[in-house]
Every structure is written in structure tokens, then in C-alpha cells.
Amino acid sequence: MKDRNYIAGLGDMVGSAVTLYGWVSKARASGKIAFLTLRDGSGTCQCVLEKGDATAAFFDEAKKLAQETSVRIVGTVRADERAAGGVELHDITEFECIGGSGDYPITPKAHGIDFLMNRRHLWFRSQRQWRILRIRATIVDAIRSFYNDRGFVLIDTPIFAPAIGEGASTLFEVDYFGEDIFLAQTGQLYVEAACMAHDKVYCFGPTFRAEKSKTRRHLTEFWMVEPEIAFADLDEVLELAEDFVCHIVDRVVAKHRDDLESLGRNVADLELVKKPFARITYTDARDILHGSAARELLEKDLGDKTERVKALGSKIEELEAGRASAKKAWQIEKAAQEIQAAREERSELEEQIVNIPNHIKLASEFEWGTDLGGVDETIISRLHDGPVFVTHYPKEVKAFYMREDRADGRLVENFDLLAPEGYGEVIGGSMREEDFDILLRKIKAHNLPVENFEWYLDLRRYGSVPHGGFGLGVERTVAWMCGLKHIREAAAYPRMMGKVYP
RNA sequence: UCCCCGAUAGCUCAAUUGGUAGAGCGAGCGGCUGUUAACCGCUAGGUCGUAGGUUCGAAUCCUACUCGGGGAGCCA
């Protein structure tokens, strides 16, 4: 559109006449004045229409606009502290309805998650979702620029892949002209080959996991970036991961402070993310889980949460009494909403309280040689301030391609990065086994068909070098940056078990 | 795959513990010159998820199923 102004730029245009195109996200009208909140993709701005000669031609139409009507509107920018955002549009001289609307399902009231998820295509017009997806775009851009600026070459790895990598049970099977193949759950092996051509490479794209998980941390389709570097040791890979995560955090904080605050994200917690991150080994982690600090943490949790449930109980009683004695309808409604919120919080806490003794048991009985579970990771993460690297896991619980620790044959040179505040594993990575004989032995030990891995073994036949890399999950990172309770808000069209619409 | 919770109006939830289905919001109409999810009045709107069972009587109790939410396992 020619002569179009964007809301994001209105701060510098006070006093000027501007033309806005956008959608009406909220409309309130009195007899002689109407307030339209306009959303144009760059931001939101309130437009004030007063009934008068200048607006006579369209005032009656404008005051009845349904939510999400698309319009063109011409007026003058005015600074006004009563308006959210500091400026508003007044002295409206032209108004045109471009696309009508009506019965828009997502009202300014509360909605359930099932309702919203079934209308995801509309839901992401809402302020909160709009901010999250913009932050995601920044994160994706930060990922690309980080590697591109450091001389990494982008390699696109295949999405159709034969069964390589870890257990085939978590892969989506596809009929490929009569042949059974799978949607890729990682591009890692492919990117390793490219690493031997370009030295520093990364792949970035969607990956697929058929795990039957219905939790706040899982999607069946998610984006992952996987860098791989040659002639490197574990410390160098860890340092890359550290710099990378810091770069993302810096970019998000620099560009989205307002958005983060609006989302309720504590920005100070993000600003604490500085290198070097804590580094512990798997064996250290085992000791932490068996130690008194872990036990005390959980016991304190139990005490705190029990207290909170009691407090909520009396709060609910008070609110119910208040609701019974309230006279105004809105007072009754307000009390009802507070009661509902308190009940929800209480039932969530009650479930956690039931689980805590089990967590204490799991932690104290953790055995060397098993993988760390989500509960274990949360405990370790909470006993540290920032992100934590956990390195050197037992080789039995890790993938065949991970490099054996030459100092202790029971271990592999791998790592996970646990994000703080319970966001869990955002990175998993390792050195890759570069020795032909060891790799071949491990392929056989994992009962994998050697013939499928001939190409991968070639990388060790022709100029093998120490190399390593990692994968970072975009949605988990977005959830962490934004402080989201559930990963489903971190993708425009999240794919989960039993959820593929829209 | 396992455990817990839920399903009542377009939406979010009530229904005094088995006795004639309610409120707010949203929608429609009217009023109000400054609203920000909280103004006032009126109107329309429900086979209480599905199928059985218990009972004089079921939204409420029982069984099965479907769908959804949360968690475990597993993972990024």
C-alpha cells in the first residue's frame, strides 16, 4: 500500500496525519465517542473517533465494528498518556471498512486451551501469542547469524531418512514408493559428513519424534539447529555451546525487553546467563542427587507447597464469603474468577505435593549407569544459578556414535545443557567417535546393520579427525526465553500427539 | 503404555452434596464525551460428551467408551 504508515513508527510522528491499515482488536463505544484499538502487525494503537461533522459519514458504522474487522483509517497522531503506548490517533478524517467480521470467537475473556488450540490460526493474532512468535523469529535469526558470522556453512540435511540414529520406535514411518523410511529425528550423521568437507557446518530445520509424550516439554515436530566442528575437543564444543546460548540470550534481551516484561518474564533472570556455565560430570550429578542438598531442596518444596495450599484454602473460603455477600454483578464475577484461579493453583500444587516423596525416592535411589530423568535434571538445575553442563555419561545409555572417553572406557565424551528454572534439556551434544575400529565395534554392539553405515564409516576411512557438535531445540529455547509454561505456545502450529489441526 | 483430573449456553464457570438448569462475558437492541477484561436496561440462547445401569426421580451415583488437560517413562 502506498502512503501507509505503521504503528511502530508513530512515536516520531506526533502531530502528523497518517494512514493506518490494520485490524480492530478491541472496540468500545459510547454515544458520541468510539475507541478502536487497531493492530497492524507492527504494534497496536488506539484510534479515537468523536461524533461530529468530520466523522458524520462513518461514525455510526465505526462505532459498531466487530472485533477483527480490517480497516483503513486516516487521522492525526497525538501524544496522550491515557493511551497504552503513549500515542493515539484522533481527528479521524477518513475511515473505510476493508473486510467485515463478526462473532470472532476469541473474545477478551478467558478461554480454555483446547478451544484456543483449535483456533490457533486466529489465536496467534492475540497480543501474547504475537509477542512470542516475534521473539521466536528473533531467536531463529540469532541462530543463523551466530553461525554465519563465524564462518559456518549451512548444510540442509534430508528429512526423508532410512533408519539410522537411535531407536526406530520413536520415528515416524513413511511409505516411500513402497519402501519403509522415516522422518528424520536428527541431521547429525549427515552434517558430520559435511563437516569433513567444510570444517565448520550446521544444519537447521524441522525434526520429528514419534514419542507418545503428552507433556509441556514435547512436540512431535520441532526445529533443531545442529552445529558440527572438526579438529576440536570437548572443551571447544562446550565453549561453542556456551557462546551460542549467550548470543541468543543477548539478542533477545536487547531487542525484546518490553515484550518479555509484557509476557511476565523476569528479564533479570535472563541477564544472569553469562559464561562460563557450571560444568559437572554425570558422576557428580549422581552424587548431588544422593546428597543432602537435593533432599533438603525437595523437603523445603514440600513444606512450602503444603503451606501454600493451606493459605489458598482459607483464601478460597474468604472469596466465597465475599462472593455471597457481594451485590454488584461485577463484584460477584470478579470473586468467582479469583476463586477459580485459586482452585486451579491449589489443584496443581496438590498434584506436585503428591509427587514430591516420589521424587525424593527417585533421587536418592538413582543408580550410576542409568540415564538422568526429567526429575533428576530439575533438581540439578535448581541447585545451580544458571545453565548447567552435565558431561561424561555412561556409554550404555548414549548413542553409538559418541566418542568413548579414552581416560575411562565406561564413559562417553558427551554433554547436556540444562536450562535454569526447570526448562530442562535445551542442548544435547558430544564428541563423535573418530576411530574406525571403535566405531565399528559400537555399531555392532548396538545391533545396527553395518551395511547402512558404510558411508558413515567412510568418514573414518578417509582422513578421520576429532570432531563434535550438538543440537539445540528451538521451541524449548523459546519457551525458556519467554518464560512459557508450555512449549505449545513456542511454535506457530505446534504438532502434538492427537493434535494436527489447524 | 501407565497414573491422576475433567467434559453443563458461542466462551469461562456455578448448581447448597439425588428433587423444575444459573451467572458473567460474547451476540442483538437502547442509553452514556475517555474507555483500557469491571457502566445501566432489555432480548435471544442448553437432549448437562456418548451409550447403558441404579432410583419414584440423575447434571449429580455406578459401568463402558470418546475427547481433552496434567504427570511418569523417553527425549531437544
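Convention: sequence-line order gives letters A, B, ...; per-chain numbering from 1.
- When each of A/His359 and A/Phe222 is assigned the nucleotide of RNA chain B with its nearest heavy atom, A/His359 is the one assigned upstream, toward the 5' end.
- Aromatic pair A/Tyr147/A/Phe244: centroids less than 6.0 angstrom apart.
- Counting non-hydrogen atoms under 4.0 angstrom, A/Glu88 reaches a base of the nucleic acid.
- Using the Watson-Crick or G-U wobble rule with both distances under 3.5 Å, B/rA51 pairs with B/rU63.
- In this structure, A/Arg28 reaches the B/rA38 phosphate: one of its side-chain N or O atoms is under 4.0 Å from OP1 or OP2.
- The separation of B/rG52 from B/rU16, taken at their P atoms, amounts to 26 Å, rounded to a whole angstrom.
- Residue contacts shown for A/Ala34 are absent, as no nucleic acid heavy atom lies under 4.0 Å away.
- Comparing the same atom, P, in B/rA7 and in B/rU63 gives a spacing of 16 Å after rounding to whole Å.
- Judged by distance alone, with hydrogens and angles left aside, A/Ser213 brings a side-chain donor or acceptor within reach of the base of B/rG73, the pair sitting under 3.5 Å.
- Side-chain polar atoms of A/Arg432 and A/Ser430 form a donor-acceptor pair below 3.5 angstrom.
- Within the 4.0 angstrom heavy-atom criterion, only backbone atoms of the sugar-phosphate kind lie near A/Phe115; the bases stay farther away.
- Heavy atoms of A/Gly112 sit under 4.0 angstrom from primed sugar atoms or phosphate atoms, though from no base atom.
- One N or O on the side chain of A/Arg119 and one on the backbone of A/Phe115 form a donor-acceptor pair closer than 3.5 Å.
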In a table with atom names and distances, give each donor-acceptor pair under 3.5 Å that connects a side chain of residues 57-66 of chain A to protein atoms at least two apart or in another chain.
none

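- B/rC40 and B/rA72 have their P atoms separated by 45 Å, with the value rounded to a whole Å.
- Counting atom types as modelled, A/Gln352 pairs no side-chain N or O with a base atom of B/rG70 as donor and acceptor under 3.5 Å.
- Going from the P atom of B/rG22 to that of B/rA9 covers 14 Å, rounded to whole Å.
- Scanning atom types as modelled, no donor and acceptor separated by under 3.5 angstrom connect the side chain of A/Gln46 and the base of B/rU36.
- Screening residues 41-58 of chain A for side chain to side chain donor-acceptor pair (under 3.5 Å), with sequence neighbours left out, gives A/Asp40-A/Ser42, A/Gln46-A/Glu88.
- In this structure, A/Phe124 has its ring center no closer than 6.0 Å to that of A/Trp130.
- One can find a donor-acceptor pair under 3.5 Å joining the base of B/rC75 and the side-chain atoms of A/His218.
- Dashed line: the shortest gap from a side-chain N or O of A/Lys26 to OP1 or OP2 of B/rA37 is under 4.0 Å.
- An aromatic stacking contact between A/Phe35 and the base of B/rG34 is absent, as defined here by ring centres under 5.5 Å apart and ring planes under 30° from parallel.
- No donor-acceptor pair under 3.5 Å is formed between the side chain of A/Gln352 and the backbone N or O of A/Lys305.
- The side chain of A/Glu425 approaches B/rA76 more closely than any other nucleotide in the set B/rA76, B/rC75, B/rG34.
- For A/Glu50, counting side-chain heavy atoms from C-beta on, the closest listed nucleotide (B/rG34, B/rA76, B/rA37) is B/rG34.
- Contact annotation for A/Lys51: no contact, since no heavy-atom pair falls under 4.0 Å across all strands.
- Rounded to the nearest Å, the gap between the P atom of B/rC56 and that of B/rC39 is 49 Å.
- Between A/Glu413 and A/His392, the side chains place no donor N or O within less than 3.5 Å of an acceptor N or O (distance only, hydrogens not considered).
- Listed nucleotides: B/rC74, B/rU1, B/rG30. Nearest to the side chain of A/Lys64: B/rG30.
- Backbone-only contact: A/Asp371 has heavy atoms under 4.0 Å from sugar-phosphate atoms and none from a base.
- Contacts of A/Asn355 with the nucleic acid, taken as non-hydrogen atoms under 4.0 Å apart, involve only primed sugar atoms and P, OP1 or OP2.
- Residue A/Arg78 is in base contact, counting any heavy-atom pair closer than 4.0 Å across all strands shown.
- As judged by a 4.0 angstrom heavy-atom cut-off over every strand, A/Ile427 is placed among residues touching the sugar-phosphate backbone only.
- Against RNA chain B, the stretch residues 470-489 of chain A makes heavy-atom approaches under 4.0 Å through A/Arg476, A/His486, A/Ile487, A/Arg488.
- When only modelled atom types and interatomic distance are considered, A/Gln127 and A/Arg131 share a side-chain donor-acceptor pair under 3.5 Å.
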